Amino acid sequence: MLSAQVSARLEELHPSISSELNNISGVAAEVVDPQLLALCSSYIDAALCQQDWAPPSGGLTDKERAFIAFTEQFTASVSTMTDEQVDKLLEYASADEVYNVASALYVVDMTRRLDLVAGKVLI
């Protein structure tokens, strides 16, 4: 999600783009388990801010570990994603669910990166 300042500035400068970004962010949040998306989003936030990410105090399930590993690779270098990383997700989710997670991660990652850059350029 964009910060309030960047969102307002983007709305002012490019209302149609702002609207579409809000729409796609809403869809991403609707098609993925909200807890899983929040977990993966927390990793993306930490990575993009060059901070250490810590798992929740209760630890991670095997499924969550697989999705965090996928998120880590996705954020660092999606082009070097391996079949094994995707196969690991397929142990816990259907192909459609994995597709939805990848799409949602793209939206989260893109939005976070836009917020970081636009926050420096537009604000």
Side-chain angles (χ1 to χ4, degrees):
M1 175 172 274
L2 292 175
S3 65
Q5 287 181 312
V6 170
S7 183
R9 187 74 169 128
L10 189 59
E11 174 66 30
E12 177 185 327
L13 295 172
H14 301 286
S16 64
I17 291 172
S18 177
S19 175
E20 291 302 322
L21 184 58
N22 288 333
N23 287 340
I24 197 168
S25 294
V27 169
E30 291 173 6
V31 299
V32 177
D33 170 45
Q35 290 177 322
L36 184 61
L37 186 58
L39 179 71
C40 294
S41 295
S42 73
Y43 180 87
I44 291 171
D45 288 339
L48 293 179
C49 293
Q50 298 179 340
Q51 299 171 344
D52 290 333
W53 179 80
S57 60
L60 297 173
T61 65
D62 290 342
K63 176 183 178 178
E64 290 168 334
R65 273 192 288 284
F67 278 89
I68 286 296
F70 182 86
T71 302
E72 179 179 15
Q73 184 63 46
F74 188 97
T75 303
S77 178
V78 72
S79 66
T80 57
M81 185 75 58
T82 66
D83 290 342
E84 291 79 20
Q85 289 170 305
V86 175
D87 290 343
K88 189 68 174 169
L89 298 186
L90 292 171
E91 293 177 20
Y92 303 102
S94 71
D96 285 344
E97 290 168 327
V98 170
Y99 175 82
N100 286 343
V101 167
S103 297
L105 290 179
Y106 173 77
V107 171
V108 170
D109 185 75
M110 174 197 59
T111 303
R112 300 292 199 267
R113 289 172 189 264
L114 174 63
D115 196 62
L116 289 169
V117 172
K120 302 289 186 200
V121 175
L122 299 178
I123 306 300

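Everything quoted here is computed from the prediction, not taken from an experiment.
Thr71 places a side-chain N or O within donor-acceptor distance of the main-chain N or O of Phe67, the cut-off being under 3.5 Å. Side chain of Glu97 to main chain of Ser94: a donor-acceptor pair is present (N/O by atom type, distance under 3.5 Å, no hydrogens or angles). Side chain of Ser18 to main chain of His14: no donor-acceptor pair is present (N/O by atom type, distance under 3.5 Å, no hydrogens or angles). Between the side chain of Gln85 and the backbone N or O of Thr82, at least one donor-acceptor pair lies under 3.5 Å. Gln73 places a side-chain N or O within 3.5 Å of a backbone atom of Ser77 that can act as its donor or acceptor partner.
Across every non-hydrogen atom of Leu36 and Lys63, the tightest pair is CD2-CE, 4.3 Å. Nearest heavy-atom pair across Pro55 and Leu60 is CB-CG, 3.8 Å. The two residues Asn100 and Val32 come nearest to each other via the heavy atoms O-CG2, 3.5 Å.
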* To do: Before giving the answer on side chain to side chain contact (heavy atoms under 4.5 Å, CB included), spell out for Thr61 and Tyr92 the whole-Å C-alpha distance, their side-chain angles and the decisive distance to 0.1 Å.
  => CA-CA 11 Å; Thr61 65; Tyr92 303 102; over 6 Å; no
* Check step by step if side chain to side chain contact (heavy atoms under 4.5 Å, CB included) holds for Thr111 and Ser25. => CA-CA 8 Å; Thr111 303; Ser25 294; 3.9 Å; yes
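By the 4.5 Å heavy-atom criterion applied to side chains, Leu39 and Pro56 are counted as neighbours.
Gln51 CD: more than 12 foreign heavy atoms inside a 6.0 Å radius.
The pair Asp115-Arg112 does not meet the salt-bridge criterion, since no charged nitrogen lies less than 4.0 angstrom from a carboxylate oxygen.
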